[in-house]
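So the structure is just underneath, and the comments pick up after that.
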Amino acid sequence: MKKTKILKQALNYAYSNKGEHLFYCPFCSHHKPKLSVNVEKGVFKCWVCDTRGRDNYYLVKRFGSFNQQQEWLKLTNQTDIRDFEVMFSGSYREEKVEQVIDLPEEYKPLSAVSEYLYSQKPLNYLKNRGISHKQIFNWKIGYCSSGEYEDRIIIPSFSENGDVNYFIARSYTGDWMRYKNPPASKDIVFNDLTIDWENDIILVEGVFDAFKESNMIPILGSTLREESELFQKIAKNKCNVYLALDVDAQKKEKNIILKLLDYGISVYKIDTFGYKDISEMPDRVYFERKESANLIDRDNFFEYEFSYSMF
């Protein structure tokens, strides 16, 4: 069936079972294929995050290419409706309810005086990474000395309503698994609560990069999908964007720039050459490079592309 083929191309396919097609869920990124799609009935559901819908075109629209979207519309004689309240009898869970999760039960804030004597290792780790006590307090950084996230720094993210919507768990003892993500979707705006959307924002890859200054947002990787909550919020607010991604993310960075330009966003490129990431760059160097950041537009994009391909 052609629709099945399109879905397999658009999503991370796993296997089929009695008419149900199992995919790795792009909403919650669970490590097992838990997104069940029934092509015949035209419905889908994730058995972990409970994201569901009554039109499989939503999956193609959100995660497929333009050509895949057009092919699906031709097959089904569908119109590309953007009003999902009309398309579905009920809204998607992700559209209806913002993601709210709990911090680990063993989480202890490092700003608490009572914890000082028992938290020297995580405090020393943060100090060695140039993170101040003020930043520890402002970011509500904590740690776990036991449990699933034992010996890990916990950096929580708060939604615009002040709820925890994600957290980063980073080992401070050299564990082979440096980061251990919670079983939740990364499709959030990290620490949206503290972002001033009327001013410029700076996009970086990781949370530790985002300690340089205010209004920095980690994209938790090196890609930024057009359908993501962060991208859509940038597009809605039309704020200037400074990009400070790692040098090895050059190809993905170019894709982000082109997408932002499509939405009329002013994009500035901060030169990160010579450093592994922003967190390792001295503050003085960072602010000098931000001050001299180049405005990238469609007229000079290919000049920018050539200059960075030389490294």
Side-chain angles (χ1 to χ4, degrees), residues 101-159 162-184 186 188-196 201-222 242 244-249 270 272 274-290:
I101 67 172
D102 294 322
L103 288 172
E105 185 178 348
E106 299 83 7
Y107 163 85
K108 300 174 184 177
L110 281 165
S111 57
V113 177
S114 60
E115 292 297 326
Y116 186 79
L117 294 175
Y118 308 98
S119 55
Q120 287 306 296
K121 283 187 177 180
L123 282 172
N124 287 336
Y125 172 82
L126 292 171
K127 181 181 178 181
N128 290 334
R129 297 203 64 157
I131 297 171
S132 67
H133 286 287
K134 182 179 180 180
Q135 289 172 319
I136 290 172
F137 177 80
N138 290 339
W139 284 71
K140 309 294 187 294
I141 301 176
Y143 77 109
C144 292
S145 57
S146 61
E148 182 179 359
Y149 299 95
E150 182 178 2
D151 293 339
R152 293 182 180 275
I153 297 288
I154 304 296
I155 306 175
S157 166
F158 297 91
S159 70
D163 296 309
V164 176
N165 59 4
Y166 201 74
F167 64 83
I168 296 297
R170 208 303 185 180
S171 170
Y172 56 82
T173 59
D175 189 282
W176 68 272
M177 184 186 291
R178 292 187 300 167
Y179 291 93
K180 189 172 186 179
N181 296 326
K186 288 185 179 181
I188 49 99
V189 178
F190 202 94
N191 259 354
D192 196 354
L193 183 65
T194 66
I195 302 301
D196 179 1
I201 64 167
I202 307 96
L203 298 183
V204 294
E205 288 192 34
V207 171
F208 286 95
D209 297 324
F211 287 100
K212 285 292 180 192
E213 64 170 316
S214 60
N215 254 28
M216 275 189 155
I217 305 177
I219 62 177
L220 304 179
S222 55
Y242 284 77
L245 305 189
D246 301 351
V247 173
D248 61 6
I270 299 176
T272 58
Y275 296 91
K276 182 181 177 182
D277 53 43
I278 284 291
S279 67
E280 292 190 356
M281 187 181 291
D283 290 349
R284 174 186 58 80
V285 175
Y286 165 75
F287 286 108
E288 286 177 355
R289 293 191 178 188
K290 183 187 177 187

### Message
Less than 4.5 Å apart, side chain to side chain, heavy atoms only: is that true for Asn191 and Val207?
### Response
no
### Query
Looking at CG of Asp192 and CZ of Phe158, how far apart are the two atoms once the value is rounded to the nearest 0.5 Å?
12.5 Å
### Task
Nearest 0.5 Å please: distance from the CG atom of Asp209 over to the OG1 atom of Thr272.
9.5 Å
### Query
Nearest heavy-atom pair of Ile136 and Ser111: which atoms, and what distance?
CG2-N, 4.2 Å
### Task
Supply the atom-to-atom distance Leu110 CG to Ile153 CD1, rounded to the nearest 0.5 angstrom.
5.5 Å
#### Entry: Ile202 side chain near Lys290 side chain, heavy-atom distance below 4.5 Å
yes
## Note on the structure
Distance col, row Ile195:CD1 vs Asn215:CG, nearest 0.5 angstrom, shows 5.0 Å
### Query
Rounded to the nearest 0.5 Å, what separation is found between the NE2 atom of His133 and the CG atom of Leu123?
6.0 Å
## Note on the structure
Taking every heavy atom of Pro156 against every heavy atom of Ile154, the minimum-distance pair comes out as CD-O, 3.5 Å
### Enclosure of Lys180 NZ (heavy-atom neighbours >12, cutoff 6.0 Å)
yes
#### Entry: Asp277 (side chain) donor-acceptor with Ser279 (main chain) under 3.5 angstrom
yes
### Message
Just checking Arg129: does its CZ atom have more than 12 heavy atoms from other residues, nucleotides or ligands closer to it than 6.0 angstrom?
### Response
yes
### Note: Lys276-Asp246 ion pair, threshold 4.0 Å (strictly below)
no
#### Entry: Lys212 side-chain N/O to Met281 backbone N/O, donor-acceptor pair under 3.5 Å
yes
### Message
Test your reading of the model: is there a side-chain donor-acceptor pair from Asn124 to the backbone of Gln120, 3.5 Å cut-off?
### Response
yes
#### Entry: Phe137 atom CZ, neighbour heavy-atom count above 12 within 6.0 Å
no
### Task
Indicate yes or no: does Arg152 engage Asp175 in a salt bridge with an N to O separation below 4.0 Å.
yes
### Query
With a 4.5 Å limit on heavy-atom distance, are the side chains of Ser145 and Lys108 in contact?
yes
### Task
May I ask you to check whether Tyr143 and Tyr125 place their ring centers less than 6.0 Å from one another?
no
### Message
Measuring from atom OH of Tyr172 to atom SG of Cys144, what distance do you get when rounded to the nearest 0.5 angstrom?
### Response
8.0 Å
### Query
If we only count heavy atoms from C-beta on, is the Pro282 to Tyr275 side-chain gap below 4.5 Å?
yes
### Query
Can Ile219 and Leu245 be said to form a side chain to side chain contact (heavy atoms under 4.5 Å, CB included), step by step?
CA-CA 10 Å; Ile219 62 177; Leu245 305 189; 4.1 Å; yes
### Query
Where is the tightest heavy-atom contact between Ile188 and Ser157, given as atom of each residue plus distance?
CD1-OG, 3.9 Å
### Query
Would you say Tyr107 and Lys140 make side-chain contact, with heavy atoms under 4.5 Å?
yes
### Query
Heavy-atom distance under 4.5 Å between the side chains of Tyr149 and Phe167, does that happen here?
yes
### Query
Would you call the rings of Phe211 and Trp139 parallel, tilted or perpendicular if under 30° counts as parallel and over 60° as perpendicular?
tilted
